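Read the structure below first, then the notes.
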Amino acid sequence: MESRYKQYNYIENLAQYEGKEIVLNGWVADKTEKGKLIFIQLRDGTGTNQCVVFKGNVSESVFENAKKLTQESSVRIVGQVRKDDRAQSGYEIDVNDLSIYQLSQNYPITPKEHGDAFLMAHRHLWLRSSRQHAIMRVRASVIKAIKDFFDGNGFKQVDSPMLTPSACEGTSTLFETKYFDLGSAYLSQSGQLYAEASALALGKVYTFGPAFRAELSKTRKHLTEFWMVEPEMAFFDLQDDMDLAEDMVEYIVQYVLKNNLRELNTLERDITKLEKIRRPFYRLSYDEAVDWLQKNDIPLIRKVDNQEVEIRPFPWGEDFGAPQEEALMEQFDKPCIIHRYPASVKAFYMKRDPNNPEVVLAMDMLATEKGGEIIGGSQREDDENLLLERIRHENLPEDDYQWYLDLRRYGSVPHSGFGLGIERTVKWITGAAHIREVIPFPRMINKIYP
RNA sequence: UCCUGAGUAGCUCAGCUGGUUAGAGCAUCUGACUGUUAAUCAGAGGGUCCGGGGUUCAAGUCCCUGCUCAGGAGCCA
């Protein structure tokens, strides 16, 4: 395609330019001087490659400029692409000309080790380093894979509002803000309820957007602002819902494997583990999972007066925490879907199992390698009276849910959906140590800068 | 919110049972080098020991308190 914009050469396409003179714009990731030779690691956004300035090849002023370069100075380089077995990429650039956009002074992030707190305070600069660069590229791929998957399967993207009049699920804490003369509005913690309305209008839909949760969670898998994709399908039952979730996750992982091998290498990710992520995944009912926990002597851990107490055998009716999920997943090399949880631990909008009113038609997908819960979903309650009963039982503001109840009054149908956390998925696929590394600017309980 | 741990140079850390002038590596600056990619060699500069209070002849070190950060729990995606 003919571009109206300036045509630049990029490091990711270096092999195409072998033997040719090209122009690169970028930043100095690192520099080593060796007398009449200066080695520049040039970073241009698409990758990093070594450029060699030899005193005999350039004018005196260009050589002096090259000597002046500091880490993260921005430069324009004109040079010849040469094949070289000594180079990591297989190519080097012999510099013919070099000009400086800006000389950087005392760049805080050096090529040596840094602590988490320091790096987080410099997140706006940390994004430039190779690991973070690779993670952001994988994140972009995960998002593209999700959109491709749904768009290619007859879904329409609909956007749900960020400002909402009340809680979607009453459980989590909400961020509150003033809303003109109408009192308070809340930042959305899920687009699901609006996705349900959209599904009854368009059939198969998905929302893609941020979710906000003011929970006091301080772990390596929690953010107060995170991104979520939430498909919602009219006429899908729980079985269809689980099948779809499985197809989607397989598609995402295989897409990244196909398109981001270079990044996964930079991240030193064990690719063989990802290659195994092929359907069918494992599935266990909550009952079966509890049986397994009991047989393997995995207790429930509960806090009583600040003392941790182990309760065994694991009692039916309790939700699983991180210790139970991790124990359960150790046996699996593919994700596992756990379905039909006790109604008491799940949200009000989930449909009761007609075969057992103690449980709801819910499902969670747990990722391998301690990836944790990446998906939560369910078939929705489609009976007006049962739904109203649950709303009252949870003490939710009934008036705020009239529009939601309308969906059960005017052509109610079986329908299902789920939410996939983008950051948890990217964390799992990249093997990142902490969720704060997989979103450009993380928002956490005690962090909102930069 | 609860539990546990940490805070010393720009960064990562050492600093003993309290002892007189607080150290190292990296980074920065100056110089040397045509193959460096954690370069090497020679030299230089750089400190509110997190804040406040206390004990003591003497506190980076011990005690109290506040703040900040990290890890975990619960909740969740």
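Order of the sequence lines fixes the chain letters, A, B, ..., with proteins taken first and strands second; residue numbering starts at 1 for each chain. What's counted below: heavy atoms across the whole structure, side chains too, no hydrogens, waters or symmetry copies. These figures come from a predicted structure and were not determined experimentally.
The base-pairing partner of B:C75, taking Watson-Crick or G-U wobble contacts with both distances under 3.5 Å, does not exist among the strands shown. Taking a pair to require two hydrogen-bonding distances under 3.5 Å in either a Watson-Crick or a G-U wobble arrangement, B:U17 remains unpaired. Nucleotide B:U12: paired with B:A24 (Watson-Crick or G-U wobble, both distances less than 3.5 Å). The partner of B:G5, taking Watson-Crick or G-U wobble pairs whose two distances both stay under 3.5 Å, is B:C69.
At the heavy-atom level, A:Asp319 lies under 4.0 Å from the strands shown only through sugar-phosphate atoms.
A cation-pi arrangement, defined by a distance under 6.0 Å to the six-membered ring centre and an angle within 45 degrees of its axis, is absent between A:Lys204 and A:Phe150. Taking the ring centre of A:Tyr341 as origin, the terminal cationic atom of A:Lys346 falls inside the region bounded by 6.0 Å and 45° from the ring axis.
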Contacts under 3.5 angstrom, residues 318-330 of chain A side chains, donor-acceptor by atom type, not counting sequence neighbours:
from, atom 1, to, atom 2, distance (Å)
A:Glu318, OE2, A:Arg302, NH2, 2.6
A:Gln324, OE1, A:Gly321, N, 2.7
A:Gln324, NE2, A:Pro299, O, 2.9

For residues 10-25 of chain A, dump all side-chain donor-acceptor pairs below 3.5 Å to protein atoms at least two apart in sequence or in another chain.
from, atom 1, to, atom 2, distance (Å)
A:Glu12, OE1, A:Arg137, NH2, 3.2
A:Glu21, OE2, A:Asn96, ND2, 2.8
A:Asn25, OD1, A:Tyr101, OH, 2.5

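A heavy atom lying under 4.0 Å from RNA chain B marks the following residues of residues 18-34 of chain A, by number: A:Asp30, A:Thr32, A:Glu33, A:Lys34. Listed in residue order, the members of residues 245-256 of chain A having a heavy atom less than 4.0 Å from RNA chain B come to none. If you check residues 223-230 of chain A against RNA chain B, the residues with a heavy atom closer than 4.0 Å are A:Leu223, A:Phe226, A:Met228, listed by number.
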Let me have a per-nucleotide readout for nucleotides 65-73 of chain B, 5' to 3', with B, S or -, counting only protein heavy atoms under 4.0 Å.
----SBBBB
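Remark: A:Asn57 pairs with A:Phe54 by the side-chain contact (heavy atoms from CB on, under 4.5 Å) rule, at least two apart or across chains. A:Asp382 pairs by the side-chain contact (heavy atoms from CB on, under 4.5 Å) definition with A:Lys351, A:Ser412, A:Pro414, not counting sequence neighbours. The side-chain contact (heavy atoms from CB on, under 4.5 Å) check on A:Asp297 picks up A:Arg312, with sequence neighbours excluded. Every residue two or more places apart in sequence or in another chain that forms a side-chain contact (heavy atoms from CB on, under 4.5 Å) with A:Ser129 is listed here: A:Trp126, A:Gln132.
Counting only residues at least two apart or in different chains, salt bridge (charged side-chain N to carboxylate O under 4.0 Å, His left out) contacts with residues 77-87 of chain A comprise A:Arg82-A:Asp84, A:Arg82-A:Glu92, A:Arg82-A:Asp94, A:Asp84-A:Arg86.
In this structure, A:Gln50 contributes its side chain and A:Ala87 its backbone to no donor-acceptor pair below 3.5 Å.
For the side-chain hydrogen bond (donor to acceptor under 3.5 Å, both in side chains) with A:Arg128, the qualifying choice from A:His122, A:His133, A:Glu72 is A:Glu72, the only one to do so.
Below the 3.5 angstrom threshold, one finds a donor paired with an acceptor across the side chain of A:Gln50 and the base of B:U36.
Comparing B:U28, B:A77, B:C29 against the side chain of A:His222 picks out B:A77 as the nearest.
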Can you tabulate the close N/O pairs, meaning under 3.5 Å, that link protein atoms to atoms of nucleotides 6-11 of chain B?
from, atom 1, to, atom 2, distance (Å)
B:C11, O2', A:Glu113, O, 2.8
B:C11, O2', A:His114, ND1, 2.8

